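Worksheet: the structure to be examined is printed underneath.
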Amino acid sequence: MNLTPSRRGLLAGAAASLAGPGLARAARTPGGADPRFLIVLCGTGGCSIVDSFLAVRESESANGSTLNAWPDQLVQSPGGGPFRAIDFASKTIGAIPVPFTANQSDFVKRHGQDMMVATYTGTSVNHGVAEHRSVTGNAAWRGRTLQEAVALTYGAGKPIPNVHLVNGVSFTDRGTDDSLPSSAYGERAPSPNLWPLSLDGRKGVPGAPDAKLFEAARAFRNGTLDPESDFVRTFGDSVRLKRWLELRGAPLKDIEGADLITQLMVHSDSEDMPLKASGLKSSPLAKKVREAFPAYGFDPLESQAALAFLLIRCGVASTVTLGPETSAVFNKGAALGRGGLSAGDMRNTPIAFDFSHQAHREVQSLMWSRVLSVADRLITLLKSEELAGGKSYWDHSLVYVATEFGRSRNRPAGAMTFGSGHDLNNGALIVSPLVNGGKMLGGVDPETLMTYGFDPLSGRPEPGRHMTEPEIYSGIIQALGIETPGAGLPDMRVMRRKA
């Protein structure tokens, strides 16, 4: 396999990420604060909280037969805590003849002490608008995204503080605060499996000149060719062009000096990926990551998760965004002809959670199970690596399952397979040692299946109250220890472990 075309194509997209000094593994950021890591795990298409941790049993609702209340035997209460879970198997996903088994209970059993569910009601059922509001709190703090706020606070000393691994969603759109340094804005890694190849201009390129000649050519380009070009003479005052030219200097040297092309390489040497023949090698952590995410080679979500872990563990990023994409994903080698799909062959439904329009319960069950499985494995990897002082990377991390909206609650009487629409009312899953874990904040009305809110200081349930996007945003920001002087954000004391 010739790596050169992919590398050159990816290099252009990676240049904007060269924004800081080399690889670091310090226990504290340059400002002295304990590091924090934010993982935004997108529930693209609308993951419904009443089809997971706030599920209602049919016997608990007078309207259970015509609302999306689940059969009693399918609603679990793992560990006796406040969270419910749906463990569900089906022979089809709507009209798609593919059997599957989904499980939510195992995640609750393993991580219930770090889980917090907070109900809220959003303000849009438009996918793009709602996705962006889920990470800005509907412009709660100058329009900054959660990812930008974390990169600004904890990204100093990291080469690429804010990395977006998922494609085609507005969870990764830039916020509206133009006053931030460019290093706080997200850098897209559209092909996580190959993206590390873009982090060095010379390594892995067959026939590349030696390093001294290569640097001489760069210096001639930067000092002579570019300044005299018509393009630079015409657009030389452009802020974007100035930033582009700046990145060709010290930031580029720092990225290449940190050898990220190696540190982030998940692949092993093989016929398809001839690393050794190209003068490259795998990350020292690659085997461990491949064991956690064995489908990284063909499943986009697993490849995102593999790189997400390495970006955090290798000191490259303080925040990563990943999630299911909107194309169907099947097991490698799955027979797609008539009658050819076996149990578990469909890993990701078309349009992710939004395929609930066609088969609500099947899609919600399969996709929740998929998202939770990836979260579980990421958390396990982060727990296995010490950051400093006996604390793991997980002790400093927060997973936020961001989604656009909930789903409509009605169904045909007694139906197990039915479609659902979008609904503003929902809840958010946050998993972290930094939050008030083991807590269900708010509740659900069994007669309508609509969630209601809670007191932001005590956590007392308040039927009739609806929490807002700015309140959820504020709770996450405060749990991460981010200072917000003068921002006017509400005090969401109950959402953080250290109130």
Side-chain angles (χ1 to χ4, degrees), residues 41-53 55-56 58 67-71 73-76 84-107 127 166 168-169 295 298-302 304-305 323-376 401 403-423 426 429 449:
L41 182 50
C42 308
T44 307
C47 51
S48 165
I49 208 69
V50 298
D51 290 286
S52 54
F53 313 112
V56 174
E58 285 182 341
L67 292 178
N68 183 30
W70 282 79
Q73 71 273 17
L74 297 179
V75 182
Q76 314 301 319
R84 293 187 170 182
I86 300 295
D87 296 341
F88 179 55
S90 175
K91 295 181 179 180
T92 64
I93 303 174
I96 304 175
V98 55
F100 73 92
T101 299
N103 178 287
Q104 299 172 9
S105 293
D106 288 347
F107 186 87
H127 285 283
V166 60
V169 295
F298 68 90
D299 186 330
L301 183 55
E302 292 211 7
Q304 293 172 41
E325 297 185 2
T326 54
S327 297
V329 178
F330 298 90
N331 276 333
K332 194 171 184 179
L336 301 183
R338 181 177 298 176
L341 289 171
S342 301
D345 268 351
M346 177 167 277
R347 305 174 70 92
N348 198 89
T349 55
I351 60 176
F353 280 94
D354 207 34
F355 201 61
S356 297
H357 284 302
Q358 306 299 320
H360 176 87
R361 285 184 168 171
E362 297 93 323
V363 171
Q364 288 290 321
S365 298
L366 174 64
M367 292 303 298
W368 263 117
S369 188
R370 175 166 167 77
V371 166
L372 294 176
S373 173
V374 164
D376 172 57
V401 180
T403 194
E404 302 99 308
F405 34 66
R407 309 295 302 193
S408 56
R409 278 29 175 208
N410 295 328
R411 62 168 171 149
M416 278 297 290
T417 296
F418 55 93
S420 64
H422 304 173
D423 196 287
N426 203 18
L429 171 64
L449 268 58

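Values below: all heavy atoms of this structure, side chains included; hydrogens, waters and symmetry mates excluded. This structure is a prediction, so every number in the text was calculated from the model and none was measured.
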Exercise for review: Output the distance between atom CZ (F298) and atom CG (N331), rounded to the nearest 0.5 Å.
Suggested key: 5.0 Å
**Study point:** Beyond-backbone contact of C47 with V371, side-chain heavy atoms, under 4.5 angstrom
**Key:** no
Exercise for review: Decide yes or no on ring pair (Phe, Tyr, Trp, His ring centres under 6.0 Å) for W368 and F107, but give the supporting numbers first.
Suggested key: CA-CA 11 Å; W368 263 117; F107 186 87; 9.0 Å; no
Exercise for review: Quick one: pull up OG1 in T417 and CZ in R411 and give me the separation to the nearest 0.5 Å.
Suggested key: 10.5 Å
Revision key, fill the gap. One should read off an interatomic distance between D345 CG and I96 CD1, to the nearest 0.5 angstrom, of 12.0 Å
Review point. At their closest point, which heavy atom of L341 faces which heavy atom of P99, and how far apart are they?
Key: O-CD, 4.3 Å
**Study point:** N-O pairing of R407 and D354 below 4.0 Å
**Key:** yes
Study note, to complete from the structure: side-chain hydrogen bond (donor to acceptor under 3.5 Å, both in side chains) filter on S408, not counting sequence neighbours, yields none
Point to revise | Trace of the side chain to side chain contact (heavy atoms under 4.5 Å, CB included) decision for V75 with I86 | key: CA-CA 5 Å; V75 182; I86 300 295; 3.8 Å; yes
**Study point:** Closest contact, heavy atoms only, I93 versus A359
**Key:** C-CB, 4.0 Å
Check your understanding: Which atom names give the shortest non-hydrogen contact between V166 and C42, and what distance separates them?
Key -> CG1-SG, 4.3 Å
Review point. Just one of L449, D423, N68, L67 clears the side-chain contact (heavy atoms from CB on, under 4.5 Å) bar with N410, so which one?
Key: L67
**Study point:** Any side-chain heavy-atom pair of D51 and F353 under 4.5 Å
**Key:** no
Revision key, fill the gap. Residues passing the salt bridge (Lys or Arg N to Asp or Glu O under 4.0 Å) test with D299, sequence neighbours excluded, are R347, R370
Check your understanding: With a 4.5 Å heavy-atom cut-off, do Q73 and P71 have their side chains touching?
Key -> yes
Practice item. Determine, stepwise, if the pair S365 / F100 fulfils side chain to side chain contact (heavy atoms under 4.5 Å, CB included). Key: CA-CA 9 Å; S365 298; F100 73 92; 4.2 Å; yes
Exercise for review: Could you tell me the separation between the CG atom of N103 and the CG atom of L366, rounded to the nearest 0.5 Å?
Suggested key: 12.5 Å
Check your understanding: Where do A69 and E58 come nearest, in terms of heavy atoms and distance?
Key -> O-CG, 3.4 Å
Review point. L74 versus R361: any side-chain heavy-atom pair under 4.5 Å?
Key: no
**Study point:** Flag side-chain contact, heavy atom, 4.5 Å: N348 against M367
**Key:** yes
**Study point:** Minimal non-hydrogen separation, T403 against G46, with atom names
**Key:** OG1-CA, 3.3 Å
Study note, to complete from the structure: On a heavy-atom basis, the closest approach of P324 and L301 is N-CD1, 3.9 Å
Review point. Is it the case that S356 and Q364 place a side-chain donor and acceptor less than 3.5 Å from each other?
Key: yes
Review point. Angle class for the H422/H127 ring planes (parallel below 30°, perpendicular above 60°, tilted otherwise)?
Key: perpendicular
Check your understanding: F53 and R84: side chain to side chain contact (heavy atoms under 4.5 Å, CB included), yes or no, with the steps?
Key -> CA-CA 4 Å; F53 313 112; R84 293 187 170 182; 5.8 Å; no
Check your understanding: Does the side chain to side chain contact (heavy atoms under 4.5 Å, CB included) test come out yes or no for D376 and D106, once each step is laid out?
Key -> CA-CA 9 Å; D376 172 57; D106 288 347; over 6 Å; no
Point to revise | Pair T92-E362, side-chain donor/acceptor within less than 3.5 Å | key: no
Review point. Going by heavy atoms in the side chains, are V50 and V56 under 4.5 Å from each other?
Key: no
